[in-house]
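Here the structure is laid out as structure tokens; the discussion comes afterwards.
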Amino acid sequence: MTTHMIILNGGSSSGKSGIVRCLQAVLPSPWLAFGCDSFVDALPARMRASDEGIMFAADGTVGVGAEFRELEAAWTEGVVAMARAGARVVVDDVFLGGSASQRRWQKALGGLEALWVGVRCESAVAAGRELARGDRVQGMAALQADVVHKGVRYDLEVDTTHTESLVCARTIAARVC
């Protein structure tokens, strides 16, 4: 079967975005990139600090409400529609709900072939990256490092703790049909 989508899941600051950029460089065909950060950035400002939208607590905890879930479902369906229309798509996501988040993608895919990739990174390393970035709530990386993988099934896992994004991307690219 031909792979239409690559779905990367990992905690904040685990290295997903770097891998996506490298994938776009090493894959022989063009791949569109979409990520949960761009989805959150597309939300109205009022939803970025709302019980119905998305909340970032001071300790790094992330909570989402009903309106967020409705828009997320529409966004997911739209991303999958692009793949169904013939685009190759790589997604950078954070499965806050672990296996429940994966099930939402599986439902939207409806049988469309995807390569599921877990992006792991030791929490202390991810926390250091988070601090260096300066654009994340401190604590988010450590809290998400393991919980996003709970119950999720992958075709492939990479670990960015000591492995560069390009090496991870080449490992993933070797699995794309």
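Not measured: the values here are computed from a predicted model.
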Quiz item: Which heavy-atom pair separates L143 from T61 by the least distance, and what is that distance?
Solution: CD1-N, 3.6 Å
Quiz item: Under 4.0 Å between a Lys/Arg side-chain N and an Asp/Glu carboxylate O for R136 and D37?
Solution: yes
Contacts under 3.5 angstrom, residues 116-126 side chains, donor-acceptor by atom type, not counting sequence neighbours:
residue	atom	partner	partner atom	Å
R120	NE	E157	OE1	2.5
R120	NH2	E157	OE1	3.4

Exercise. Please confirm whether the backbone N or O of M140 pairs with a side-chain atom of S12, one donor and one acceptor, at under 3.5 Å?
Key: no
Quiz item: With sequence neighbours excluded, what pairs up with D159 under the side chain to side chain donor-acceptor pair (under 3.5 Å) test?
Solution: T161
Quiz item: So, do L71 and L43 sit near enough that their side-chain heavy atoms are less than 4.5 Å apart?
Solution: yes
Quiz item: Can you list every ring-ring contact (aromatic ring centres under 6.0 Å, His included) pair that touches residues 125-146, not counting sequence neighbours?
Solution: none
Practice problem: Indicate the atoms forming the closest heavy-atom contact of R48 with V40, along with that distance. | Solution: NE-O, 3.3 Å
Quiz item: Which pair of non-hydrogen atoms, one from L23 and one from A173, has the smallest distance, and what is that distance?
Solution: CD2-N, 4.1 Å
Quiz item: Is any side-chain N of the basic residue among E77 and K107 closer than 4.0 Å to the acidic one's carboxylate O?
Solution: no
Practice problem: Could you tell me whether a side-chain N or O of R84 sits under 3.5 Å from a main-chain N or O of L109, the two making a donor and an acceptor? | Solution: yes
Self-check item: Set of residues satisfying side chain to side chain contact (heavy atoms under 4.5 Å, CB included) with respect to E72, sequence neighbours excluded
Solution: F39, F68, R69, T76, R104
Quiz item: By the rule that ILVMFWY residues connect when side-chain heavy atoms come within less than 4.5 angstrom, directly or transitively, which residues belong alongside V26?
Solution: L166
Quiz item: So, D92 side chain and K16 main chain: donor-acceptor pair closer than 3.5 Å or not?
Solution: no
Self-check item: Any side-chain donor near an acceptor of the partner, S99 and R103, under 3.5 Å
Solution: yes
Exercise. Determine which pairs satisfy ring-ring contact (aromatic ring centres under 6.0 Å, His included) with at least one residue from residues 154-177, sequence neighbours left out, and list them in order.
Key: H149-Y154
